[in-house]
Amino acid sequence: MKHVAVIGAGTMGNGIAHTFAQSGFKVNLIDISEASLERGMNTIAKNLDRMVAKEKITEADKAETLANITTFTTTEDGVKNVGLVVEAATENVDLKLKIFKQLSEVCPEDTILATNTSSISITQIAAVTNRPDKVIGMHFMNPVPIMKLVEIIRGYNTTDEVTNTIMELSKTLGKVPVEVNDYPGFVANRILMPMINESIETLYNGVAGVTEIDTVMKLGMAHPMGPLQLADFIGLDVCLSILEVMYNGFKNPKYAPCPLLVNMVRAGKLGVKSGEGFYDYSESRKAENVSKQFS
């Protein structure tokens, strides 16, 4: 299992590829867009440059990491002879089902298929494959090269052998794997997203402003960043998608997305990625200026 494929060269995909490559794995980074692959590789190079500047790695380490990554624009070519595929495409259930159906058809029989989904059912994804016993969740945290946690989610049919293999593999990446079962939101987002949603409700109801809400949680609860800033960082569209998965999965109104969140996503105010969310990022990617809508 020293040769892996990563599907998707976006924020999570390039971070996962970076992490595997830096740990000595040969990585096939797959994306249908050459431009996305180029952006992903540029991001990896810049992140490695920062590590060199901080003397965490050497220039030789950087060169070796980049040499460990090969890019592909076709899935079939990118998954030949790999022991593990990690899917990190957009958090869209139809897209993921399509990808996994294809993977089960073109991957070697013994290849383990993992998804970086943060909320979608592993069992549902596994059901479209010809190997549900070898499908598992590997939910990395952003930014992947830095964050230690990996949520390991076993589907209804995932075997102990596959689970143990992925748990041990995660440790070789310098991560701390935590095994959880397959229910909407798993553990991380089942707890995190209602907190973010309630923070948005608090703003929506006029209890306090953006800065005040985030300050209370940072100084009062020792959170490294406030929930509204964190929502911007994650992407408000991603937050909405996860809440909708949980709401549909549990049929419990406590997971219903706040109307303010829904409207912001409809308006294209997605947080850092769009330049504006609860904060305005036109001048800085740091949450220093509250969006005019809330100031």
Side-chain angles (χ1 to χ4, degrees), residues 6-20 85-100 113-126 135-156 158 163 166-167 170 173 175-200 223-225 227-250 252 254-258 261-262 265 270-273 277:
V6 177
I7 295 181
T11 300
M12 296 305 294
N14 70 60
I16 294 167
H18 172 162
T19 300
F20 272 101
V85 178
V86 182
E87 171 274 320
T90 304
E91 192 74 350
N92 177 287
V93 64
D94 293 331
L95 175 61
K96 290 187 186 295
L97 295 180
K98 180 181 178 181
I99 289 171
F100 273 80
L113 306 181
T115 173
N116 182 58
T117 182
S118 56
S119 61
I120 297 169
S121 168
I122 308 304
T123 304
Q124 181 183 7
I125 291 172
V135 177
I136 194 164
M138 290 185 78
H139 180 205
F140 291 85
M141 305 293 131
N142 186 29
V144 180
I146 296 172
M147 299 291 279
K148 290 291 188 181
L149 175 67
V150 184
E151 239 182 343
I152 307 298
I153 309 104
R154 55 187 304 162
Y156 191 82
T158 309
T163 303
I166 297 303
M167 291 285 285
S170 299
L173 300 175
K175 303 301 185 185
V176 178
V178 176
E179 181 184 341
V180 305
N181 290 317
D182 184 24
Y183 292 97
F186 315 134
V187 171
N189 281 319
R190 184 168 180 172
I191 295 170
L192 174 63
M193 286 302 154
M195 182 193 74
I196 286 176
N197 198 44
E198 193 62 30
S199 301
I200 300 171
H223 290 194
M225 68 171 69
L228 299 176
Q229 179 187 357
L230 179 56
D232 275 355
F233 180 71
I234 294 168
L236 301 191
D237 53 337
V238 176
C239 294
L240 177 59
S241 176
I242 296 169
L243 283 164
E244 287 175 337
V245 167
M246 293 167 63
Y247 180 59
N248 291 331
F250 290 116
N252 189 324
K254 76 177 181 178
Y255 299 113
C258 176
L261 173 61
V262 174
V265 172
L270 309 180
V272 176
K273 70 173 80 174

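Worth knowing before you read on, the calculation uses all heavy atoms, side chains too, and leaves out hydrogens, waters and symmetry mates.
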Open item on the list: Test: side chain to side chain donor-acceptor pair (under 3.5 Å). Region: residues 230-243. Which pairs qualify, not counting sequence neighbours?
Closed with: D232-Y281, D237-K273
Task: Test log, rule side-chain contact (heavy atoms from CB on, under 4.5 Å), inputs L173 and F20 - done: CA-CA 7 Å; L173 300 175; F20 272 101; 3.6 Å; yes
Task: V176 side chain reached by V150 side chain, heavy atoms, under 4.5 Å - done: no
Task: Set of side chain to side chain contact (heavy atoms under 4.5 Å, CB included) partners for I146, sequence neighbours left out - done: P143
Open item on the list: What I'd like to find out is whether the side chain of V187 reaches to under 4.5 Å of the side chain of V178, using heavy atoms alone.
Closed with: no
TODO: Please check if the side chain of D182 supplies one atom and the backbone of S121 the other of a donor-acceptor pair under 3.5 Å.
DONE: no
- [ ] Show the numbers, then the answer: is there a side-chain contact (heavy atoms from CB on, under 4.5 Å) between I153 and I136?
- [x] CA-CA 6 Å; I153 309 104; I136 194 164; 5.8 Å; no
Open item on the list: Nearest 0.5 angstrom please: N181 CG to T123 OG1, how far?
Closed with: 9.5 Å
TODO: List in chain and number order the residues that pass side-chain hydrogen bond (donor to acceptor under 3.5 Å, both in side chains) with T115, two or more places apart in sequence or in another chain; answer none if no residue qualifies.
DONE: E87
Open item on the list: Do Q124 and L97 have side chains that approach each other closer than 4.5 Å (heavy atoms only, starting at C-beta)?
Closed with: yes
Task: Test side-chain hydrogen bond (donor to acceptor under 3.5 Å, both in side chains) applied to S199 - qualifying residues, sequence neighbours left out - done: none
TODO: With sequence neighbours left out, write down each residue that passes side chain to side chain contact (heavy atoms under 4.5 Å, CB included) with P194, or none if nothing qualifies.
DONE: M246, Y255
- [ ] Determine whether I7 and V86 make a side-chain contact, defined as any pair of heavy atoms from C-beta on separated by less than 4.5 Å.
- [x] no
- [ ] Kindly compute the distance separating OG (S118) from CE (M193), expressed to the nearest 0.5 Å.
- [x] 6.5 Å
Task: From OH (Y247) to CG (N197), nearest 0.5 Å - done: 11.5 Å
TODO: Taking all heavy atoms of A89 and all of L95, pick out the closest pair and write down the distance.
DONE: CB-CD2, 4.0 Å
Task: Atom pair NZ (K96) and CD1 (I125), whose distance is rounded to the nearest 0.5 Å - done: 6.5 Å
TODO: Could you tell me which residues satisfy ring-ring contact (aromatic ring centres under 6.0 Å, His included) with F186, sequence neighbours excluded, listed by chain and number?
DONE: none
TODO: Kindly determine whether M225 and L230 satisfy side-chain contact (heavy atoms from CB on, under 4.5 Å), including the steps that lead there.
DONE: CA-CA 6 Å; M225 68 171 69; L230 179 56; 3.8 Å; yes
Task: Expected output: side-chain E91 to main-chain T117 donor-acceptor under 3.5 Å - done: no
Task: Heavy-atom closest contact (V262 atom, P257 atom, distance) - done: CG2-CB, 4.0 Å
Task: Residue pair T158 / V135: nearest heavy atoms and the distance that separates them - done: OG1-O, 2.7 Å
TODO: Could you give me the CA-CA distance, side-chain angles and deciding distance for M12 and F140, then say whether side-chain contact (heavy atoms from CB on, under 4.5 Å) is met?
DONE: CA-CA 8 Å; M12 296 305 294; F140 291 85; 4.0 Å; yes
Task: Considering all heavy atoms, the nearest C258-I200 contact - done: SG-CG2, 3.8 Å
Task: Nearest-0.5 Å distance, CZ of residue F233 to OG1 of residue T11 - done: 8.0 Å
Open item on the list: Could you report the tightest heavy-atom contact between G137 and I122, atom names first, then the distance?
Closed with: CA-CD1, 3.7 Å
Open item on the list: Looking at every non-hydrogen atom in both residues, tell me the closest pair between G277 and L236 and how far apart they are.
Closed with: CA-CD1, 4.4 Å
- [ ] Can you run down the side chain to side chain donor-acceptor pair (under 3.5 Å) pairs that involve residues 142-156, sequence neighbours left out, and say none if there aren't any?
- [x] H139-E151, R154-D160, R154-E179
Open item on the list: So, using side chain to side chain contact (heavy atoms under 4.5 Å, CB included) as the criterion, who are the partners of A9 when residues are at least two apart?
Closed with: L29, D31, L37
Task: Pair N189, S119: side-chain N/O donor-acceptor within cut-off below 3.5 Å - done: no
Task: Partners passing side-chain hydrogen bond (donor to acceptor under 3.5 Å, both in side chains) against T19 (at least two apart in sequence or in another chain) - done: none
Task: Contacts of P177 that satisfy side chain to side chain contact (heavy atoms under 4.5 Å, CB included) - sequence neighbours left out - done: I152, M167, S170, K171
Task: Side chain proximity check, I196 to L261, heavy atoms < 4.5 angstrom - done: no
TODO: Enter the distance from H223:NE2 to Q229:CD here, rounded to the nearest 0.5 Å.
DONE: 13.0 Å
